[in-house]
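The structure appears right after this line, and notes come after that.
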Amino acid sequence: MQQDLAQILAIRTLGWMAGEEAVWRAFLEASGADAAQVRAEAAQPAMQRAVLAHLLREDDWVRACAAALAVRPEELAQAAAVLDGAAGRNWT
């Protein structure tokens, strides 16, 4: 997956999360951000990584988001790996 496609998927995921009250509240609590900050930083790679990392915490969230976005669940994990880059790779 290319970087730009991973970023687009992260932003689409953010949109889905914002419409899911429980997922959204959990993200805001975990990130320490408020809705205005998330909106302002949505195009930033760090926020996109945080969005996907949060989503990937729960299999049910991944399945629901993937279904809503009409993508395979694996694509969400792949987007997260692309955005994490070399820093996110664990070779142990």
Side-chain angles (χ1 to χ4, degrees):
M1 176 179 291
Q2 296 175 340
Q3 181 83 16
D4 58 340
L5 296 177
Q7 291 175 308
I8 291 167
L9 189 51
I11 292 170
R12 292 179 64 209
T13 298
L14 176 58
W16 176 83
M17 282 176 36
E20 299 292 321
E21 187 67 27
V23 181
W24 182 243
R25 283 188 190 272
F27 177 68
L28 294 178
E29 290 173 14
S31 68
D34 61 21
Q37 182 181 358
V38 173
R39 222 177 358 264
E41 297 178 14
Q44 300 301 316
M47 183 60 73
Q48 294 167 359
R49 286 190 301 272
V51 164
L52 290 172
H54 179 71
L55 180 78
L56 293 173
R57 291 177 46 214
E58 296 288 337
D59 289 343
D60 290 341
W61 295 350
V62 173
R63 285 190 291 273
C65 181
L69 300 181
V71 299
R72 292 177 296 116
E74 296 83 10
E75 290 178 69
L76 295 164
Q78 191 176 30
V82 167
L83 294 177
D84 282 344
R89 292 189 187 121
N90 183 353
W91 297 104
T92 59

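Note: hydrogens, waters and symmetry copies are ignored here, and every other heavy atom, side chains too, is used.
With hydrogens and angles ignored, the 3.5 Å screen pairs no side-chain donor or acceptor of Gln3 with any backbone N or O of Leu83.
Atom CD of Glu74 has more than 12 heavy atoms from other residues, nucleotides or ligands within 6.0 Å.
One hydrophobic cluster, built from ILVMFWY side chains closer than 4.5 Å, holds both Val62 and Phe27. With hydrophobic clusters built from ILVMFWY side chains whose heavy atoms lie under 4.5 angstrom apart, Leu28 shares a cluster with Val51.
Between Glu58 atom CD and Arg63 atom CZ the span is 10.0 Å, to the nearest 0.5 Å. Taking CG of Leu9 as the reference point, atom CG of Leu14 lies at 11.5 Å (rounded to 0.5 Å). Of the inter-residue distances, the one linking Arg25 atom CZ with Glu29 atom CD reads 7.5 Å to the nearest 0.5 angstrom. Once rounded to the nearest 0.5 Å, the distance linking CE of Met1 with CD of Gln7 reads 11.5 Å.
With His54 as the fixed residue, the ring-ring contact (aromatic ring centres under 6.0 Å, His included) test singles out one of Trp24, Trp16, Trp61: Trp61. With respect to Cys65, the side chain to side chain contact (heavy atoms under 4.5 Å, CB included) criterion is satisfied by exactly one of Val71, Leu56, Thr13, Leu52: Thr13.
Between Ala33 and Val38 the shortest heavy-atom distance is CB-CG2, 3.8 Å. The nearest pair of heavy atoms linking Gln48 to Ala10 is CB-CB, 3.6 Å. Across all their heavy atoms, Arg57 and Ala30 have their closest contact at NH1-CB, 4.3 Å.
For the pair Glu75 and Leu69, the minimum side-chain heavy-atom distance is 4.5 Å or more.
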